[in-house]
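Atoms within each ligand, like the ligands themselves, are counted from 1 in listed order. These numbers were taken from a predicted model, which means no experiment stands behind them.
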Amino acid sequence: MKRTLGVCYYPEHWPEDIWADDAARMVAAGISWVRIGEFAWSRIEPKPDQFDFDWLDRAIDTLGAAGLKVILGTPTATPPRWMLDKHPDMLAVDAEGRPRGFGSRRHYCFSHQGYRAESKRITAILADRYGKDPHIAAWQTDNEYACHDTTRSYSFAATQGFQQWLAQKYQSPDALNRAWGNVFWSMEYDDFADIDLPNLTVTEPNHPHVLDFYRYSSDMVADFNREQVAEIRERSTAPIIHNYMGRETSFDHFKVGADLDIASWDSYPIGFLSDRLEGDPDFKARFMRQGHPDNQAFHHDLYRAVGRAGGNPSPAGGRWWIMEQQPGPVNWAPYNPAPLPGMARLWAWEAFAHGAETVCYFRWRQAPFAQEQMHAGLLRPDSADAPALAECLQVAREIEDMPDVGTAKADVALVFDYESAWAWEAQPQGADFDQFRLAFAAYRACRRLGLNVDIVPPNATDLSDYKFALAPGIMALSAPLKKALGTTLSLIGPRTDTKTEHISIPTPMGPNVDGLDVTVTLTESIPPQASIPLENGGQFVHWREVLEGGATVRLRTADGIPAIAGDTVRYLAGWPDDSTWETILRDLCDEIGLTHHTLPDGLRLRDTDTHRFVFNYAPEPLTWNSTEIPAAGVHWEAL
Ligand code: GAL
């Protein structure tokens with residue numbers, strides 16, 4: 001498959017007489033896809049039921065005539081102001097009970113049935129008009145579900161929806177009371193209609209109440225998306241995509257992905273390093289113009305798995321894209337440095353090496369007005385080339401010369417589970433316990449060892465082709481996953497299989513995995529700057545557990561308590577710091593004879609079916625196998 005490039009474009013922001021020139025310049029830059037329309041509702045339907053499609057028809061024709069394939073977005077992330085007159089109670093409500101008002105975007109509540117009907121209506125109208133248009137080659141539903149913390153709404157509509165959802169799930173208030181343990185603090189209910197959302201309580205609400213509300217909220221995102229998909233599918237055969245975000249765990253992406261053809265995500269490496277990732281200030285300064293060397297790869301591997309939820313049978317994962325690729329400084333992070341020259345190329349190649357079909361840069365031209373005027377594009381506001389444009393062209397030329405590199409199956413499987421993220425959010429027990437953070441720590445260690453990783457969903461049933469599997473922090477392992485973990489060498493924990501699905505402590509206490517004779521009898525969270533030393537010189541940070549049982553002990557804490565125990569499935573009783581993760585996984589590789597590497601700081605590898613890619617994230621040149629790779633450089637060699 002030939003990889004392709006795209007760009008995000010807002011014809012409604014620019015005078016019509018420059019559209020044709022823009023389109024020609026896109027094509028000259030090697031771009032073949034253009035995404036439009038996702039925020040254009042006020043121009044498509046300026047007043048309720050009064051439509052203006054002429055400009056959009058002409059925009060699509062102009063772009064299509066230039067040879068570009070159009071991805072048309074449904075505009076539901078930005079309902080126009082008149083929508084509020086029609087549905088005054090459609091706004092999402094924050095956890096403090098305040099409505100999230102008009103004047104930016106994503107001001108809707110997923111539970112509001114009136115807005116849901118509007119979303120279906122506008123999707124159907126667009127799909128009616130453009131479903132058979134030869135230029136429309138893909139659809140995007142909405143834009144970045146969850147962005148700006150919008151999955152969970154504490155509205156009246158959500159309260160009603162949640163009560164119905166609970167009634168369906170538990171059938172009787174008694175069953176719910178038992179499952180949640182509501183005898184504690186006299187929290188028992190007689191009627192589903194009495195159950196409020198778990199905000200505005202005096203002290204912490206009951207964890208299963210919170211967890212069920214998070215499940216419900218996630219289901220609303222999936223339902224909202226599914227409704228749009230149904231409208232489009234009736235009228236178009238073009239593939240349907242959603243653009244997910246980085247480090248966003250508030251809804252189950254595997255469930256949303258199951259209804260879509262292609263997963264995509266919006267990659268802002270420099271923004272994420274500043275805004276969304278842990279890391280000490282020296283590390284952040286070193287990588288401030290490149291982004292975290294592992295964060296993009298983690299999400300590429302995650303969203304490849306989400307793409308696979310859409311039904312692609314390929315063992316290495318499904319269809320996925322980058323829908324928005326950072327081209328220069330963004331506007332929204334605490335600090336917004338410019339990328340090193342070369343990074344707009346490196347990020348694109350890294351995505352291709354992880355299996356992306358298409359990388360679209362965000363955005364074509366920097367807007368001189370409104371919220372994102374300080375956000376770079378491929379063009380400056382005055383239409384001159386911005387630095388990333390030449391890199392885009394370079395990638396386009398390189399793609400021409402590149403054979404199909406394929407997506408290799410990885411040696412390592414890493415289980416990622418959104419429900420566990422919600423569980424630990426509801427019940428952190430230690431301020432640093434965060435599911436993404438834990439999974440990412442394990443992933444980083446694999447990357448520093450030069451290993452390819454496939455991220456797999458918690459309903460994975462076959463892991464036997466992997467050399468080893470990791471399942472950190474998975475609240476409750478399903479029976480099929482337990483079985484699958486037993487078919488390869490697996491390292492589970494900390495905190496894995498230690499809860500029921502209602503986030504209570506099981507009897508017998510976990511983990512309850514056949515062939516693994518350990519029980520977690522005590523847990524403790526560890527404050528920053530403190531740690532639990534291990535006999536191998538490493539340490540546990542954030543979290544440690546005390547194990548009992550007869551399993552073979554593989555590693556102990558310095559004071560002799562089992563830290564890793566088991567045979568085929570092993571339990572890791574703590575959160576290793578970065579170098580300890582690396583030591584543990586290197587020892588595992590050595591034990592099973594899996595090749596690993598010692599990489600200079602900032603160098604990363606990715607093997608495809610045919611090539612080894614080497615990415616230099618460092619701000620200085622580094623050497624790989626006697627080849628010097630410049631700062632922000634990419635090198636590939638045939639395998
Ligand atoms: C994304 C969003 C875009 C734009 C971009 C700026 O989160 O989908 O619409 O806001 O960020 O970096």
Where does the angle between the aromatic ring planes of [X] and [Y] fall among parallel (under 30°), tilted (30 to 60°) and perpendicular (over 60°)?
| X | Y | value |
| --- | --- | --- |
| Tyr108 | Phe110 | perpendicular |
| Trp14 | Phe369 | tilted |
| Trp265 | His299 | parallel |
| Phe298 | Phe416 | perpendicular |

- So with a 6.0 Å cut-off around CZ of Arg235, is the heavy-atom count from everything else above 12? yes
- Message: Just checking Tyr335: does its OH atom have more than 12 heavy atoms from other residues, nucleotides or ligands closer to it than 6.0 angstrom?
- Response: no
- For residues Asp57 and Arg129, determine if any side-chain heavy atom of one lies less than 4.5 Å from a side-chain heavy atom of the other. yes
- Query: Any idea which of Tyr268, Tyr10, Phe39 brings a heavy atom closest to atom 5 (C) of ligand 1?
  - Reply: Tyr268
Per-atom contacts of ligand 1 with [X], taking only distances under 4.0 Å to non-hydrogen atoms:
| X | answer |
| --- | --- |
| His375 | 6 (C), 12 (O) |
| Trp332 | 6 (C), 12 (O) |
| Asp266 | 8 (O) |
| Glu324 | 1 (C), 2 (C), 3 (C), 5 (C), 8 (O), 11 (O) |
| Glu144 | 1 (C), 2 (C), 7 (O), 8 (O) |

- Task: Provide, to 0.1 Å, the distance between atom 10 (O) of ligand 1 and the closest protein heavy atom, together with that atom's residue and name.
- Result: Glu372 OE2, 2.3 Å
- Note on the structure: Ranked by distance from atom 9 (O) of ligand 1, the top protein heavy atom is Arg105 NH1, 2.8 Å
- Query: What do you reckon, does Asn143 have a nitrogen or oxygen under 3.5 Å from a nitrogen or oxygen of ligand 1?
  - Reply: yes
- Item | Sub-4.0 Å heavy-atom contact, Gln371 with ligand 1 | no
